[in-house]
There are 2 protein chains.
Amino acid sequence: MTNDTFKLDKCPMTRTMAILGSKWKPVIIYTLSKRHLRFGQLAAQMPLISRKVLTDQLKELEEDNILLREAYNELPPRVEYSLTAKGLALLPILQQMCEWNKQFEGHVGACEAR
Amino acid sequence: MTNDTFKLDKCPMTRTMAILGSKWKPVIIYTLSKRHLRFGQLAAQMPLISRKVLTDQLKELEEDNILLREAYNELPPRVEYSLTAKGLALLPILQQMCEWNKQFEGHVGACEAR
DNA sequence: CTGTATCCTGTTAGATACTG
DNA sequence: CAGTATCTAACAGGATACAG
């Protein structure tokens, strides 16, 4: 679903899904909503995602202007990720997804379940 | 993203995305929101989806109780699809996806753009 | 009319080892 | 610390032909 061609689709839903519709992106966005995080902190909060995939997803989200990547030329290097306004505006949608799931599939966990 | 294992994920967002996150499902749900439709009518309104994929997606949505499939034993056969309450409850989320896209990526088309 | 069956391709994401 | 590089498996989606 993250294929770039879908971002050119005529349907706004399809275009949004092209940005949001991969396994980890909603979780990454939600995790970054609470505070700016460094790469390692993000990885620590999502132990099930491999570092390669996390890197890939972060790069795509940056290209879509969902998040901001700030690299500091220090040793050891430090990179901070944070949501842009465009990314912050996705949070109500993610919130509704949580609520829909809890309403129709029982209260298995909270949105913080990661 | 439609893998069944994701539906067992602890995160409610991931579980919702496992149901909603494929190329055509949002469009199918939106198309069915206006009225009950037969298989051929659905296919006609979404000329870009192949019949095999449409069948697959409808089957999955039925298994997830998003839509209702009613088959009439006539000749020629007739099958009608409609949204369940659970499926109808997804519409506000899809609506928000449309609005988010239009707000941040310009007004390329309406939700009806299919 | 409403699908199945079969085959095929590109993409996603995971494992593992390595780098500035 | 924050990634790259490489390889691989699984999956989603599409083309085409056929069936009840």
Side-chain angles (χ1 to χ4, degrees), chain A residues 1-9 11 14 17-28 31-32 36-64 67-82, chain B residues 1-9 11 14 17-28 31-32 36-64 67-82:
Chain A
M1 235 350 254
T2 315
N3 193 316
D4 279 351
T5 61
F6 301 155
K7 294 182 187 163
L8 304 173
D9 196 282
C11 174
T14 302
M17 287 300 301
I19 291 175
L20 209 53
S22 74
K23 183 173 177 184
W24 294 105
K25 282 179 183 172
V27 182
I28 293 171
T31 304
L32 280 178
H36 295 209
L37 285 176
R38 304 175 56 168
F39 182 84
Q41 294 175 310
L42 257 176
Q45 295 212 19
M46 307 190 297
L48 296 178
I49 187 175
S50 76
R51 291 172 99 79
K52 168 191 166 290
V53 174
L54 180 56
T55 304
D56 293 347
Q57 306 290 284
L58 288 170
K59 202 171 290 177
E60 289 178 11
L61 288 169
E62 189 196 1
E63 283 165 8
D64 290 329
L67 55 80
L68 183 69
R69 178 185 186 276
E70 294 172 287
Y72 300 89
N73 266 343
E74 307 168 355
L75 277 181
R78 179 165 60 100
V79 179
E80 295 213 342
Y81 292 92
S82 56
Chain B
M1 221 11 239
T2 314
N3 194 315
D4 278 352
T5 60
F6 302 154
K7 294 181 187 164
L8 304 173
D9 196 280
C11 174
T14 303
M17 287 299 301
I19 291 174
L20 208 54
S22 73
K23 183 174 176 182
W24 294 105
K25 283 179 183 172
V27 182
I28 292 172
T31 305
L32 280 177
H36 295 207
L37 286 176
R38 302 177 56 170
F39 181 84
Q41 295 176 309
L42 257 176
Q45 294 212 20
M46 306 190 298
L48 296 178
I49 186 175
S50 78
R51 291 172 101 77
K52 168 191 165 291
V53 174
L54 180 55
T55 304
D56 292 346
Q57 306 289 283
L58 288 169
K59 201 172 292 175
E60 290 177 10
L61 288 169
E62 189 195 2
E63 284 165 5
D64 290 329
L67 55 80
L68 183 69
R69 179 184 186 276
E70 294 173 287
Y72 300 89
N73 266 343
E74 308 168 353
L75 277 180
R78 178 165 60 101
V79 180
E80 295 214 342
Y81 293 94
S82 56

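Side chains are part of it too, since the values below use all heavy atoms of this structure and drop only hydrogens, waters and symmetry mates. By convention in this document, chain letters (A, B, ...) are assigned in the order of the sequence lines, proteins followed by strands, and residues within each chain are numbered from 1.
With D:dG13, C:dC1, C:dG14 as the candidates, the nucleotide lying closest to the side chain of B:Ser22 is D:dG13. Closest contact between the side chain of A:Arg38 and the listed nucleotides C:dT2, D:dC1, D:dG13 involves D:dC1. The side chain of A:Lys59 sits closest to D:dT4 out of C:dA13, C:dG14, D:dT4. Closest approach to the A:Arg69 side chain among D:dC1, D:dG3, C:dG3 is made by D:dG3 (side chain taken as heavy atoms from C-beta onward). Of the candidates D:dG13, C:dG14, D:dC1, the closest approach to any side-chain atom of A:Ser50 belongs to C:dG14. Listed nucleotides: C:dT2, C:dT12, D:dA2. Nearest to the side chain of A:Thr2: C:dT12.
Rounded to whole Å, the distance from CG on B:Leu37 to P on C:dG3 is 13 Å. As a whole-Å value, the separation of B:Lys7 NZ from D:dC11 P is 13 Å. Whole-Å rounding puts the A:Glu62 CD to D:dG3 C1' distance at 13 Å. Residue B:Ile49 contributes atom CD1, which lies 13 Å from atom P of C:dG3 at whole-angstrom precision. Atom P of nucleotide D:dG20 and atom CZ of B:Phe39 are separated by 18 Å, given to the nearest angstrom. At whole-Å resolution of the value, CZ in A:Arg51 and P in C:dA15 are 14 Å apart. Rounded to an integer number of Å, the gap from B:Asp56 CG to C:dA5 P is 11 Å. Rounded to an integer number of Å, the gap from B:Glu74 CD to C:dG3 C1' is 16 Å.
Within the 4.0 angstrom heavy-atom criterion, only backbone atoms of the sugar-phosphate kind lie near B:Val79; the bases stay farther away. Across all strands, B:Tyr81 comes closer than 4.0 Å only to sugar-phosphate atoms, never to a base (heavy-atom distances). Residue A:Gln57 is in sugar-phosphate contact alone, with no base atom involved, counting any heavy-atom pair closer than 4.0 Å across all strands shown.
The heavy-atom pair separating A:Ile19 from A:Lys7 by the smallest distance is CG1-CE, 4.2 Å. In terms of heavy atoms, A:His36 sits closest to A:Gln41 at O-OE1, 4.4 Å. Looking at every heavy atom in both residues, A:Leu20 comes nearest to B:Met17 through O-CE, 3.7 Å.
The shortest distance between side-chain heavy atoms of A:Phe39 and A:Arg51 falls below 4.5 Å.
Side-chain N/O atoms of A:Gln41 include none lying less than 4.0 angstrom from OP1 or OP2 on D:dC1. Phosphate contact (OP1/OP2 of D:dG3, side-chain N/O of A:Arg78, threshold under 4.0 Å): absent. Between A:Lys52 and C:dT12 there is no side-chain polar atom (N or O) within less than 4.0 angstrom of OP1 or OP2. Between A:Trp24 and the phosphate of C:dT12, there is no side-chain N or O to OP1/OP2 separation shorter than 4.0 Å.
In this structure, A:Leu58 and A:Phe6 both approach DNA chain D, and ranking their closest nucleotides by distance from the 5' end singles out A:Leu58.
Note: A:Gln45 CD to A:Leu54 CG = 11.5 Å, rounded to the nearest 0.5 Å.
Salt bridge absent: A:Lys59 and A:Asp56 never bring a charged side-chain N and a carboxylate O closer than 4.0 Å.
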